[in-house]
Amino acid sequence: MTEPSKKSPVEQEAERIFAEKRVWHKTQANLPLKEKVRILLQMQKDDYPILKKRGVLKSWEKPWDTQP
Amino acid sequence: MSTIGDTFRELNLLKEAQVFEEYAIAGAMAFLFYTEPARTYDLDVFIFLPAQAGLVFTMEPLYDKLRERGYSFDAEHVLIFDTPVQFIPAYNPLTEEAVREAVVHNYDGVEIRVIRAEHLVALAYQTGGRHRIVRAEALVEEGAIDTTKLQSILVTHGITSSFG
């Protein structure tokens, strides 16, 4: 006979969500290197207009004109 | 168009040409070898430079050699295949050890020296800064490090942290 869980349904749901997030991060971490570089290059492009608008970038901070 | 592999290959050529004695990828790019990608706009490279005479240390001899080889600069960054590379001389015993013990990874057929994960965590704690600590903790949480090795590094270099 198993003991009833002491955690509330809300706590259990939050735990499930956080467990899924951990799996997602682990999956991202374990991607092939080249795929991770591809993601980095895409992040540079995606973030650039926002950061440029905020005026927080230095002269050399721009998306790299290169491929993975 | 060039690739990141071309930039890595160039670092090996610069070492062969004795522009610097040794190197290791550091910073966000090094983290990428062990954990999920995080945005960065430059490539940090720790290096060993030849000993300099005199009391004042300068990067100019390195920059002169790079200029002679045709590289262009943007502030303190050297543009290698359009990737801004910042060369940072190993500046204390921890960074020297990190370069010496760097791990050779293979990126698309190019061998590249990268600071090992345990040193990245120790450097994050020694240097400080919220974003570095967050990345370091992600490495630890993902089990990407040898905790015995990390503890040894922290003790050796007198670094206090919540790890261990």
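These figures come from a predicted structure and were not determined experimentally. Chain letters run A, B, ... following the sequence lines, proteins first, then strands; residues in each count from 1.
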Relative to chain A, which segment of [X] carries a heavy atom at a distance below 4.5 Å: side chain, backbone, both, or neither?
X	result
B/Tyr34	backbone
B/Asp108	side chain
B/Ala144	neither
B/Thr7	neither

Any non-hydrogen side-chain atom of [X] less than 4.5 Å from a side-chain atom of [Y]?
X	Y	answer
A/Pro68	B/Tyr107	yes
A/Asn30	B/Glu142	no
B/Asp6	A/Gln67	no
B/Tyr41	A/Leu40	no

Could you look at A/Pro32 and say if it's the side chain, the backbone, both or neither that has a heavy atom under 4.5 Å from chain B?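 No part of it gets close to chain B.
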
Under 4.5 Å from any heavy atom of chain B - which part of A/Lys58: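 Nothing of A/Lys58, per the 4.5 Å heavy-atom cut-off to chain B.
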
Quick one: of [options], who has the most non-hydrogen atom pairs under 4.5 Å with chain B?
options	value
A/Lys26, A/Lys34, A/Glu35	A/Lys34
A/Leu41, A/Val37, A/Leu31, A/Leu57	A/Val37
A/Gln44, A/Gln28, A/Glu61, A/Arg22	A/Gln44

Worked verdict on B/Thr35 versus A/Lys36 for side-chain contact (heavy atoms from CB on, under 4.5 Å): CA-CA 9 Å; B/Thr35 186; A/Lys36 289 200 270 187; 5.8 Å; no

Going by the rule side-chain hydrogen bond (donor to acceptor under 3.5 Å, both in side chains), which residues pair with B/Asn92 if we only count those two or more places apart in sequence or in a different chain? B/Thr95, B/Gln126

Please confirm whether the backbone N or O of B/Asp42 pairs with a side-chain atom of A/Trp60, one donor and one acceptor, at under 3.5 Å? no

Give a yes or no on whether B/Glu111 atom CD has more than 12 heavy-atom contacts from other residues, nucleotides or ligands under 6.0 Å away. no

Does atom CZ (A/Arg16) have a neighbourhood of more than 12 heavy atoms from anything else shown, all under 6.0 Å? yes

Please round to the nearest 0.5 Å and tell me the distance separating atom CG of A/Leu33 and atom CD1 of B/Ile112. 11.0 Å

Quick check on the hydrophobic clustering: are B/Leu49 and B/Phe73 connected, directly or via other members, by side-chain heavy-atom contacts under 4.5 Å? yes

Hey, quick one: are B/Tyr91 and B/Phe48 part of the same hydrophobic cluster, counting side-chain heavy atoms closer than 4.5 Å, chains of contacts allowed? yes

Between B/Phe81 and A/Trp64, is a side-chain contact (heavy atoms from CB on, under 4.5 Å) present by the stated rule, with each step listed? CA-CA 9 Å; B/Phe81 290 106; A/Trp64 300 348; over 6 Å; no

Given side-chain contact (heavy atoms from CB on, under 4.5 Å), test A/Thr66 with B/Ile4 step by step and report yes or no. CA-CA 7 Å; A/Thr66 189; B/Ile4 294 294; 3.6 Å; yes

